[in-house]
Amino acid sequence: HVEKLNITNLENLEIINPIESPQFKDYCSVFYKERQRKGLPKQHAKEMMERKLYFGSMMVKQGDADGMITGLDQTYSEAFKPIIRVLGGKADTKASGVVILTFKNKVVFLADCTLQKNPSAEDLVDIAANTTELYRRLIHKEPRVAFLSYSSFGASRDPEVMKVSKAVKLTKAKFPDLIVDGEMQADVAVNNELLKSLYDFSTLDKSADILIFPDLSSANISYKLLRQLGEATPVGPILTPMDYPINILQQTASVEEIISMSHLTAIISQHSKEKK
């Protein structure tokens with residue numbers, strides 16, 4: 001494959017066999033110390049670190065690699081578990097997966113597309129906050145955030161709708177400077193003319209840049225349909241909030257998506273270094 005692609009600058013490419021690496025014993029020791037009071041026997045720590053995802057995650061954590069992408073040869077959940085075990089998550093929030101869809105004239109962030117099956121109102125607030133932080137880091141602009149539902153602005157009192165309505169109120173209270181509104185239907189969120197003609201009281205002055213979905217099913221189905229039928233170029237899912245530049249590809253990712261994710265992971269890595 002390398003010869004067919006005419007790639008000739010791989011002389012300095014290092015291929016690492018975990019168990020033969022000089023860092024292997026140190027990685028095992030670090031992993032064991034962090035997990036020994038979470039039910040991990042010492043021998044199991046060694047066995048896990050022999051696996052590429054555990055070892056690669058530890059390389060990033062220890063600063064021996066700038067970033068990592070994975071996912072083509074396992075399901076999303078199979079790839080996520082080793083990463084979160086090695087890196088851990090932020091104690092005050094749950095991880096979520098953000099998908100960036102690039103259209104001809106617009107970029108839209110969708111969340112949570114991969115992890116939280118039925119997030120609470122409080123979880124939706126965290127998802128919105130983490131997605132907003134990612135948007136600001138990558139796009140360098142203030143986003144418009146829409147919380148989605150099958151109903152708009154109190155038309156339904158269904159508990160699932162009220163969950164989203166509560167999330168909007170909590171978000172506005174916690175982040176008063178954020179341009180956010182909802183609950184609203186998806187077509188209203190992305191069509192500003194429709195929004196203003198039906199709901200001229202909305203605080204969104206333009207169509208939404210970030211779409212927060214009420215549950216995993218609606219988010220995942222939507223982004224995959226848009227990817228196949230909407231002429232949108234996807235990047236992601238991108239893990240948030242993570243302190244390390246590690247991302248998981250979908251098993252169906254194209255070559256273009258792999259390249260885009262590699263580029264994005266490199267950008268996140270650079271931002272992380274500048275932040276530190």
Side-chain angles (χ1 to χ4, degrees), residues 1-2 7 10-91 93-99 112-117 130 216 220 234-255 257-270 272-273 276:
H1 291 295
V2 171
I7 298 175
L10 298 180
E11 292 83 0
N12 297 320
L13 179 66
E14 183 180 5
I15 298 174
I16 298 173
N17 181 348
I19 200 168
E20 296 176 357
S21 169
Q23 285 80 28
F24 182 74
K25 289 185 179 179
D26 288 339
Y27 287 0
C28 291
S29 177
V30 170
F31 187 53
Y32 175 63
K33 286 179 181 178
E34 293 180 349
R35 303 289 302 187
Q36 61 187 357
R37 293 186 180 272
K38 297 180 180 179
L40 182 70
K42 194 169 187 177
Q43 180 59 30
H44 287 184
K46 179 179 178 295
E47 292 172 359
M48 288 180 175
M49 203 49 57
E50 291 175 359
R51 304 175 192 174
K52 60 184 180 181
L53 278 184
Y54 285 92
F55 189 88
S57 298
M58 188 62 77
M59 286 185 70
V60 176
K61 183 171 186 176
Q62 296 297 96
D64 296 322
D66 294 318
M68 183 178 83
I69 59 171
T70 184
L72 288 179
D73 58 351
Q74 64 265 300
T75 66
Y76 199 93
S77 61
E78 289 171 342
F80 179 72
K81 288 178 182 178
I83 293 169
I84 203 68
R85 283 173 180 166
V86 173
L87 302 181
K90 293 190 176 181
T93 186
K94 296 178 182 177
S96 58
V98 180
V99 170
D112 170 16
C113 296
T114 55
L115 290 174
Q116 298 193 47
K117 291 183 179 180
N130 295 329
L216 178 60
N220 193 275
V235 180
I238 304 160
L239 291 175
T240 64
M242 297 290 283
D243 291 326
Y244 302 93
I246 292 180
N247 286 303
I248 303 170
L249 293 158
Q250 293 289 320
Q251 288 179 293
T252 55
S254 65
V255 172
E257 289 172 49
I258 297 170
I259 293 171
S260 296
M261 181 67 94
S262 302
H263 185 210
L264 181 64
T265 302
I267 292 173
I268 294 173
S269 174
Q270 186 61 41
S272 298
K273 290 179 182 179
K276 292 177 182 178

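What you see is a predicted model; the values in this text were computed from it and never measured.
By the side chain to side chain contact (heavy atoms under 4.5 Å, CB included) test, Ala79 is found to be paired with Leu53, Thr70, Gln74, Ile248, residues two or more places apart in sequence or in another chain being considered. Applying the side chain to side chain donor-acceptor pair (under 3.5 Å) rule to Gln62 yields no partners; only residues at least two apart in sequence or on another chain are considered. In terms of the side chain to side chain donor-acceptor pair (under 3.5 Å) criterion, residue partners of Thr240 (sequence neighbours excluded) are, by chain and number, Ser96.
Arg35 places a side-chain heavy atom less than 4.5 Å from the side chain of Arg85.
Minimum interatomic distance between Met68 and Gly56 (heavy atoms only, all atoms of both residues): SD-C, 3.5 Å. In terms of heavy-atom proximity, Cys113 sits nearest to Asn220 at O-ND2, 2.8 Å. Shown here for Asn247 and Leu239, the closest heavy-atom pair between the two residues is OD1-N, 3.0 Å. Scanning all heavy atoms of the two residues, the minimum distance from Pro237 to Thr114 falls at CG-CG2, 3.1 Å.
To the nearest 0.5 Å, the span separating CD1 on Ile69 from CG on Leu264 amounts to 10.0 Å. A distance of 13.0 Å separates NZ in Lys61 from CD1 in Ile83, rounded to the nearest 0.5 Å. Once rounded to the nearest 0.5 Å, the distance linking CZ of Phe24 with CE of Met58 reads 11.0 Å. Remark: Glu47 CD to Lys42 NZ distance equals 13.5 Å, nearest 0.5 Å. To the nearest 0.5 Å, atom CG of residue Asp26 and atom CE of residue Met49 are 11.0 Å apart. To the nearest 0.5 Å, the span separating NZ on Lys25 from CD1 on Ile19 amounts to 10.5 Å.
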Requested in this report: Just do the side-chain contact (heavy atoms from CB on, under 4.5 Å) check on Val60 and Val86 with the steps written out, would you?
Outcome: CA-CA 10 Å; Val60 176; Val86 173; over 6 Å; no
Requested in this report: Could you go through the side-chain contact (heavy atoms from CB on, under 4.5 Å) check for Phe55 and Ile16 one step at a time?
Outcome: CA-CA 10 Å; Phe55 189 88; Ile16 298 173; 3.8 Å; yes
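Panel note: side chain Asp112, backbone Leu216; no donor-acceptor pair is recorded below 3.5 Å. No side-chain donor-acceptor contact under 3.5 Å links Ser269 to the backbone of Gly67. With hydrogens and angles disregarded, a donor-acceptor distance shorter than 3.5 Å links the side chain of Ser262 to the backbone of Ile258.
At a cut-off of 3.5 Å, with distance as the only test, a side-chain donor of Asp64 or Tyr27 sits close to an acceptor on the other residue.
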